[in-house]
Amino acid sequence: MLTLTRAIGLVAGILLVAIVGSCGGGASAQAPLVIGGVTAAPGAVASGEITIAPRAGDAGASIPFTIVRGKTAGPVLALIAGTHGAEYVPIIALQRMRTSLKTDGLRGTVIMVHVANMPSFLSRTVYYSPADNKNLNRVFPGKADGTLSERIAEAITREVIARATHVIDLHCGDGNESLRPYSYWITTGDPKVAEAGKAMALAFGLEHIVVDGSRPTDPAASVYLSNTAITRGKPALTTETGGMGVVDEQSIALIERGVGGVLKHLGMRDDGPAPIATPVWINQNEVLRAGHTGLFYPAVAKAQTVTKGAVIGHITDFHGTKVEEVLAPFDGQILYVIGTPPITKGEPVAMVGK
Ligand SMILES: [Zn+2]
């Protein structure tokens, strides 16, 4: 049972967290951090679930998370995995980090969202939720009275992004995407937030960084998870490591190195890898989309360099007749290419970066 003093303290703590979260400053380690009704005391690790109640005939969802709280004050770094449910490398990386990240020597707090998109994860779907056929990373900041994906987005915005000072949305190639590692640095919005995001990208340490100046700046229509943080004044990063439904040690190691680099950069740990010294900036990129529904046959591999007009792959109808050849729009490198046969008109077949 709560004593009155403790209850008042708890409410004050929640208010303090809310105020700190909304201005993007450092959180006091003295204040309790409450997510989904779970409190992590300074120096403690706590896990729980954010529950999305069923609505309008859907089954609802749960969002499992862990809070690793340092003993002393510092930033609140949110690490989010499984925004796309068939992107397994980040999910497994956070399963490991849940026990490998120690509170000793940690300043501030790390929030891990283990599987953001549980309906998609358990149903093994790429891109879209089986509940509403929506892409979770296109419905932010979400809607409390919306479809299941919109309610998941709203809960992540309210419970996680609002509590964080910095956010990393950890992706990989989806279950059908053969992808080389890279991160997205979002340059739109407040220049100070963008500069801080650039420093996070360098600290994470993936060599290839896509410079992305095309994200919306309206916090009420932020669309993407990391952009929801950025439009709320919090530096954020989207990373891509792994793909094709494979869990590989090399891709997991990139995330572990990346998070270690960001923790050091933010002053949350004394030790950690140095920022990447010679990044490859990708200033131009294009997602090539299918003009037909049918079967896709790739002609290139991830990380391959291509010249303008080179064949990326072709699409046939279901009787084997070639209906489309996909060509490189400019000289560049294949960041990802679809590696399984199904293709639907309008969906990506590859991403090329320059
Ligand atoms: Zn993704």
Side-chain angles (χ1 to χ4, degrees), residues 61 63 78-95 112-142 148-150 152-153 156-157 160-161 167-186 201 204 206 208-210 212 214-215 222-230 236-248 251-252 254-255 258-259 282 285-289 302 334-340 342 344 346-351 353:
I63 306 172
L79 306 174
I80 293 156
T83 299
H84 292 130
E87 298 181 0
Y88 303 131
V89 163
I91 293 170
I92 300 304
L94 291 196
Q95 289 296 312
M112 299 177 199
V113 171
H114 295 298
V115 182
N117 196 342
M118 191 63 82
S120 171
F121 177 72
L122 291 178
S123 293
R124 306 170 187 272
T125 58
V126 303
Y127 305 151
Y128 312 115
S129 168
D132 55 15
N133 215 30
K134 291 190 176 180
N135 182 333
L136 177 59
N137 206 27
R138 299 292 183 275
V139 298
F140 275 86
L148 187 52
S149 295
E150 290 167 340
I152 290 172
I156 290 171
T157 302
V160 180
I161 296 174
V167 173
I168 306 178
D169 190 19
L170 299 159
H171 288 247
C172 65
D174 218 320
N176 58 333
E177 292 173 338
S178 177
L179 175 145
R180 66 139 307 131
Y182 63 93
S183 54
Y184 290 95
W185 168 40
I186 298 176
F204 197 92
L206 297 178
H208 288 65
I209 302 173
V210 172
D212 187 347
S214 65
R215 304 283 156 135
S222 50
V223 182
Y224 307 93
L225 191 154
S226 59
N227 197 45
T228 304
I230 288 167
L237 185 65
T238 302
T239 64
E240 302 274 359
T241 53
M244 292 295 290
V246 175
V247 176
D248 64 297
S251 302
I252 291 172
L254 290 174
I255 295 177
V259 171
I282 297 171
N285 77 80
E286 190 172 329
V287 174
L288 312 178
R289 292 178 184 278
K302 64 183 176 183
I334 302 297
L335 297 177
Y336 70 77
V337 60
I338 296 305
T340 58
T344 302
E347 284 183 350
V349 294
M351 180 173 174

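For this chain, numbers begin at 1 and follow the sequence in order. Just follow the structure's listing: the first ligand is 1, and inside any ligand the first atom is 1. We use all heavy atoms of the structure for the numbers below, so side chains are in, but hydrogens, waters and symmetry mates are not. Because the structure is predicted, anything quoted here is derived from the model rather than measured.
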**Closest heavy-atom pair and its distance - I152, A61** = CD1-CB, 4.1 Å
**Fill in**
side chain to side chain donor-acceptor pair (under 3.5 Å) filter on T125, not counting sequence neighbours, yields S120
**Asked** Which value, rounded to the nearest 0.5 Å, describes the distance between T239 atom OG1 and I255 atom CD1?
**Response** 6.0 Å
**Request:** Less than 2.8 Å from the Zn ion (ligand 1) is the window; count the protein N, O or S atoms in it.
**Result:** 4
**Message:** Which heavy atom of P141 sits nearest to which heavy atom of T228, and what is that distance?
**Reply:** CB-CG2, 4.1 Å
**Request:** Find the distance between CG (D174) and OH (Y127) and round it off to the nearest 0.5 Å.
**Result:** 6.5 Å
**Asked** Given H171, which of E87, E177, E240 fulfils the side-chain hydrogen bond (donor to acceptor under 3.5 Å, both in side chains) condition?
**Response** E87
